[in-house]
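Only heavy atoms go into these numbers, but all of them, side chains included; no hydrogens, no water, no symmetry mates. All residue numbers refer to positions in the sequence shown, counting from 1.
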Amino acid sequence: MELSLKESILDQVEKKDVLLSYPFESMKPFIKMLNDAAKVFMALQKGEAVEDVEELLAAPIYDEKIRERIRYIFDMIMKDDEKGKEQNAQGLYENRVINEISVNSQELFYQDAYDRCVKEV
């Protein structure tokens with residue numbers, strides 16, 4: 001689904017779930033959504049009334065495939081230990097080791113995007 005920058009991103013997402021994946025897609029819809037959310041936040045800070053504020057604070061994902069993809073992305077990000085560091089008791093930083101085999105989520109997502117592109121061509 002192509003998102004329109006002329007309409008609220010949140011309104012569009014209410015109609016159909018959308019997965020935005022970076023850096024492989026444009027950041028413009030995400031930045032617009034952040035700007036819209038910032039305007040709502042500023043209005044709330046000023047004590048102004050905002051319609052349907054509850055809907056702006058949560059974004060349920062109804063599409064099972066997109067929900068699974070999001071969980072997969074977050075799982076891989078949390079398992080990423082390629083460049084992570086931990087501070088030891090002496091205050092020194094050491095390589096973080098989470099997995100038997102190191103996980104680099106950026107490389108994994110790049111390869112995944114490439115594979116998906118090749119399948120579509």
Side-chain angles (χ1 to χ4, degrees):
M1 173 180 178
E2 188 70 29
L3 293 173
S4 169
L5 298 178
K6 295 177 182 177
E7 184 183 347
S8 164
I9 301 299
L10 296 172
D11 288 344
Q12 294 175 70
V13 171
E14 272 185 10
K15 296 173 190 168
K16 182 173 178 11
D17 289 336
V18 177
L19 176 62
L20 304 175
S21 179
Y22 305 108
F24 310 108
E25 297 178 52
S26 172
M27 291 280 296
K28 289 179 182 178
F30 181 71
I31 291 170
K32 178 174 179 8
M33 186 175 67
L34 289 179
N35 285 331
D36 292 347
K39 289 175 187 173
V40 169
F41 177 78
M42 294 305 291
L44 291 172
Q45 290 293 95
K46 294 176 185 176
E48 298 172 4
V50 177
E51 289 184 38
D52 302 322
V53 69
E54 293 82 15
E55 292 178 16
L56 297 173
L57 301 177
I61 307 299
Y62 299 112
D63 185 290
E64 187 60 34
K65 284 184 177 180
I66 292 177
R67 190 178 315 140
E68 287 175 16
R69 178 89 176 125
I70 290 171
R71 285 186 181 134
Y72 167 75
I73 289 169
F74 282 126
D75 286 346
M76 290 302 105
I77 290 170
M78 294 306 294
K79 290 178 182 177
D80 189 321
D81 57 0
E82 180 65 22
K83 295 184 180 177
K85 302 285 184 188
E86 287 181 322
Q87 189 175 22
N88 65 22
Q90 292 78 35
L92 302 174
Y93 289 94
E94 301 173 336
N95 288 335
R96 185 174 74 159
V97 179
I98 300 173
N99 314 293
E100 250 182 67
I101 299 173
S102 184
V103 174
N104 181 335
S105 64
Q106 290 180 349
E107 289 293 325
L108 186 76
F109 296 146
Y110 172 81
Q111 187 62 49
D112 184 46
Y114 181 82
D115 292 345
R116 290 164 151 240
C117 180
V118 169
K119 285 180 186 176
E120 292 176 9
V121 174

Nearest atoms (heavy-atom pairs only) where [X] meets [Y]:
X: K32; Y: S8; value: NZ-CA, 4.4 Å
X: R67; Y: Y62; value: NH2-O, 3.2 Å
X: R69; Y: D112; value: NH2-OD2, 2.6 Å

For this session: Before accepting this row, confirm whether a basic side-chain N of the pair K65/E68 lies closer than 4.0 Å to the acidic partner's carboxylate O.
Result: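 Salt bridge flag = no for E68 with K65.
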
For this session: May I ask you to say whether R71 pairs ionically with D75, meaning some side-chain N is under 4.0 Å from a carboxylate O?
Result: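 No, no charged N to carboxylate O under 4.0 Å.
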
Exercise. What is the distance from atom CD1 of I77 to atom CD of Q106, rounded to the nearest 0.5 Å?
Worked result: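 I77 CD1 to Q106 CD: 9.5 Å, rounded to 0.5 Å.
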
Exercise. If you round to the nearest 0.5 Å, how far is CG of D80 from CD of E107?
Worked result: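 Spacing of CD (E107) from CG (D80) equals 10.0 Å.
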
Problem set entry | Single-linkage hydrophobic cluster, 4.5 Å side-chain cutoff, Y72 and V103 together |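 As far as the 4.5 Å side-chain criterion goes, V103 and Y72 are not connected within one cluster.
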
For this session: Say whether M78 and M76 are linked into one hydrophobic cluster, either directly or through other cluster members, by side-chain heavy-atom distances under 4.5 angstrom.
Result: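 Result: no, two separate clusters.
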
Problem set entry | Under 3.5 Å donor-acceptor, E94 side chain and N88 backbone |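 Such a contact is absent between E94 side chain and N88 backbone.
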
Exercise. So, do K85 and N95 sit near enough that their side-chain heavy atoms are less than 4.5 Å apart?
Worked result: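 Yes, their side chains come closer than 4.5 Å.
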
